[in-house]
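Worksheet: the structure to be examined is printed underneath.
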Number of protein chains: 2
Amino acid sequence: MALNQTFKAIADPVRRQILEGLRTQRQSAGEIAAEFQLSQATVSYHLKLLKQAGLVSVTKEKNFVYYELNASVFEEMLAWLYSMRQDERGNQREK
Amino acid sequence: MALNQTFKAIADPVRRQILEGLRTQRQSAGEIAAEFQLSQATVSYHLKLLKQAGLVSVTKEKNFVYYELNASVFEEMLAWLYSMRQDERGNQREK
DNA sequence: GAACTATTTAGAAAGCTATCTAAATAGTTC
DNA sequence: GAACTATTTAGATAGCTTTCTAAATAGTTC
């Protein structure tokens with residue numbers, strides 16, 4: 001059950017912002033790091049967590065490492081949130 | 001921007017399980033705590049975080065405190081996840 | 001109002017997370 | 001192969017989270 005890792009991964013604002021940056025195109029580790037006022041090492045740490053959670057995938061090219069969104073993993077989380085929303089109909093409170 | 005608090009709240013497995021238990025009916029703090037092998041104080045702490053994140057709402061009755069799902073707050077998270085999924089079409093990798 | 005029941009708050013400890021700097025790795029180019 | 005560029009790993013640290021036990025609060029019942 002990797003759902004927990006996935007939810008933890010998106011619980012951090014830096015990591016969500018990285019994901020947002022990857023919505024439209026892939027980016028190298030350096031390009032991603034440039035968007036933050038954090039050391040490259042710190043951003044690399046966040047990228048590692050996103051990769052472990054399956055939210056991004058990685059391709060090496062020259063001496064760049066490109067990250068791209070792996071949207072299928074979002075489905076699991078969507079499914080969980082959906083299931084929560086569904087049942088909020090008659091919520092029987094026996095006054 | 002309370003989205004961060006909301007994502008953090010669901011990042012913990014105990015809290016997700018609490019929410020799952022509330023899908024079909026409200027429960028008192030004691031009923032919720034009985035489902036876990038954790039002290040009542042610990043469960044109370046998790047309930048506080050869920051309440052602060054707006055994911056549950058609270059009614060007092062006799063000397064019981066009832067918790068129920070507040071599904072509207074899930075919408076925000078759903079919207080974020082959706083926006084992530086949308087853009088994963090042509091992801092232009094110029095090979 | 002005394003005893004009881006349900007829940008929360010306080011304080012402390014263990015473990016986890018995010019961050020940094022410095023060093024290591026790995027691949028490129030001349 | 002030496003120098004350069006991009007990225008990751010290692011080790012350290014501060015701060016946050018989860019958990020506990022004990023005590024406090026608050027409401028109920030007789």
Side-chain angles (χ1 to χ4, degrees), chain A residues 1-22 25-69 93-95, chain B residues 1-22 25-69 93-95:
Chain A
M1 235 275 213
L3 229 207
N4 192 44
Q5 214 179 4
T6 314
F7 273 119
K8 277 191 173 168
I10 63 158
D12 182 273
V14 169
R15 291 192 291 268
R16 283 200 305 282
Q17 202 177 321
I18 290 173
L19 293 172
E20 286 165 10
L22 296 174
Q25 79 294 321
R26 70 179 194 168
Q27 288 182 294
S28 70
E31 286 168 339
I32 295 167
E35 294 168 9
F36 296 92
Q37 308 228 263
L38 293 171
S39 72
Q40 183 127 282
T42 296
V43 174
S44 182
Y45 159 77
H46 286 299
L47 288 170
K48 184 177 73 180
L49 296 188
L50 289 171
K51 189 169 44 180
Q52 284 171 352
L55 286 163
V56 299
S57 54
V58 174
T59 339
K60 295 184 186 186
E61 237 170 85
K62 296 193 165 191
N63 39 7
F64 295 89
V65 178
Y66 288 98
Y67 286 83
E68 65 186 292
L69 256 202
R93 55 189 72 136
E94 70 294 323
K95 109 108 67 64
Chain B
M1 235 273 215
L3 230 207
N4 193 44
Q5 213 178 6
T6 316
F7 274 119
K8 276 190 175 169
I10 63 158
D12 182 273
V14 169
R15 291 193 290 269
R16 283 200 305 282
Q17 202 178 322
I18 290 173
L19 293 172
E20 285 165 10
L22 295 174
Q25 79 293 321
R26 70 178 193 168
Q27 288 181 293
S28 69
E31 286 168 339
I32 295 167
E35 295 168 8
F36 296 91
Q37 308 229 263
L38 293 171
S39 72
Q40 183 126 284
T42 295
V43 175
S44 183
Y45 159 77
H46 286 298
L47 288 169
K48 184 177 72 179
L49 297 189
L50 289 171
K51 189 168 45 179
Q52 284 171 352
L55 287 163
V56 300
S57 54
V58 173
T59 339
K60 294 183 187 188
E61 239 170 83
K62 294 195 166 190
N63 38 8
F64 295 88
V65 178
Y66 288 98
Y67 286 83
E68 66 186 292
L69 256 203
R93 57 189 71 138
E94 70 294 322
K95 116 103 66 53

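Proteins come first, then strands; the chains are lettered A, B, ... in the order of their sequence lines, and each starts at number 1. Because the structure is a prediction, the values reported are computed rather than measured.
- The phosphate of D:dT17 has OP1 or OP2 within less than 4.0 Å of a side-chain N or O from B:Lys8.
- The partner of D:dT7 is C:dA24, by the rule that a Watson-Crick or G-U pair needs both atom distances under 3.5 Å.
- The backbone N or O of A:Ala9 lies less than 3.5 Å from a partner atom in the side chain of A:Arg15, making a donor-acceptor pair.
- The OH atom of A:Tyr66 sits 13 Å away from the C1' atom of C:dG27 (whole-angstrom rounding).
- The CG atom of A:Leu50 sits 14 Å away from the C1' atom of C:dT17 (whole-angstrom rounding).
- In this structure, B:Arg26 atom CZ and C:dT7 atom P are separated by 12 Å, rounded to whole Å.
- If you measure from atom OH of B:Tyr45 to atom C1' of C:dA14, you get 14 Å, rounded to the nearest angstrom.
- Candidate nucleotides D:dT9, D:dT19, C:dT28 were compared by shortest atom distance to the side chain of B:Leu38, and D:dT19 ranks first.
- Each of A:Arg15 and A:Gln40 has a nearest nucleotide on DNA chain C; the 5'-most of these lies closest to A:Arg15.
- When both pairing distances are held under 3.5 Å, C:dC30 makes a Watson-Crick or G-U pair with D:dG1.
- Residue B:His46 places at least one side-chain N or O closer than 4.0 Å to OP1 or OP2 of D:dT19.
- Following rounding to the nearest Å, A:Glu61 (CD) and D:dT7 (P) show an atom-to-atom distance of 12 Å.
- Distances shorter than 4.0 Å separate some side-chain N or O of A:Thr42 from OP1 or OP2 on C:dC20.
- Straight-line distance from the CG atom of B:Leu49 to the C1' atom of D:dT18: 10 Å, rounded to whole Å.
- For a distance-only test at 3.5 Å, the side chain of B:Asn63 fails to qualify as a donor-acceptor partner of the base of C:dT7.
- The side chain of A:Ser28 places an N or O atom within less than 4.0 Å of a non-bridging phosphate oxygen (OP1 or OP2) of D:dT7.
- In this structure, the CD atom of A:Gln52 is 13 Å from the C1' atom of C:dT17, given to the nearest Å.
- Using a 4.0 Å heavy-atom distance criterion, B:Ala33 is classed as making no nucleic acid contact.
- Between C:dT21, C:dA6, C:dT29, one nucleotide has an atom nearer to the side chain of A:Ala41 than all others, and that is C:dT21.
- No side-chain heavy atom of B:Thr59 sits less than 4.5 Å from a side-chain heavy atom of B:Tyr67.
- Among the nucleotides C:dT19, D:dT18, C:dT8, the one closest to any side-chain atom of B:Asp12 is D:dT18.
- Formation of a donor-acceptor pair under 3.5 Å by the A:Arg16 side chain with backbone atoms of A:Ile10 is found in this model.
- Residue-level contact check: A:Ile32 touches neither bases nor backbone, having no heavy atom under 4.0 Å from any strand.
- The shortest distance between the side-chain N/O atoms of B:Ser39 and the OP1/OP2 oxygens of D:dC20 is below 4.0 Å.
- Between A:Gln27 and A:Glu68, the side chains place no donor N or O within less than 3.5 Å of an acceptor N or O (distance only, hydrogens not considered).
- Atom CG of A:Leu19 and atom NE2 of A:His46 lie 11.5 Å apart (nearest 0.5 Å).
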Would B:Glu31 and B:Phe64 satisfy side chain to side chain contact (heavy atoms under 4.5 Å, CB included), going step by step from the backbone distance to the final call?
CA-CA 10 Å; B:Glu31 286 168 339; B:Phe64 295 88; over 6 Å; no
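- At the heavy-atom level, B:Tyr67 lies under 4.0 Å from the strands shown only through sugar-phosphate atoms.
- The nucleotide C:dT17 finds its pairing partner in D:dA14, both defining distances of the Watson-Crick or G-U wobble pair being shorter than 3.5 Å.
- What separates CZ of B:Phe64 from P of D:dG27 is a distance of 14 Å, to the nearest Å.
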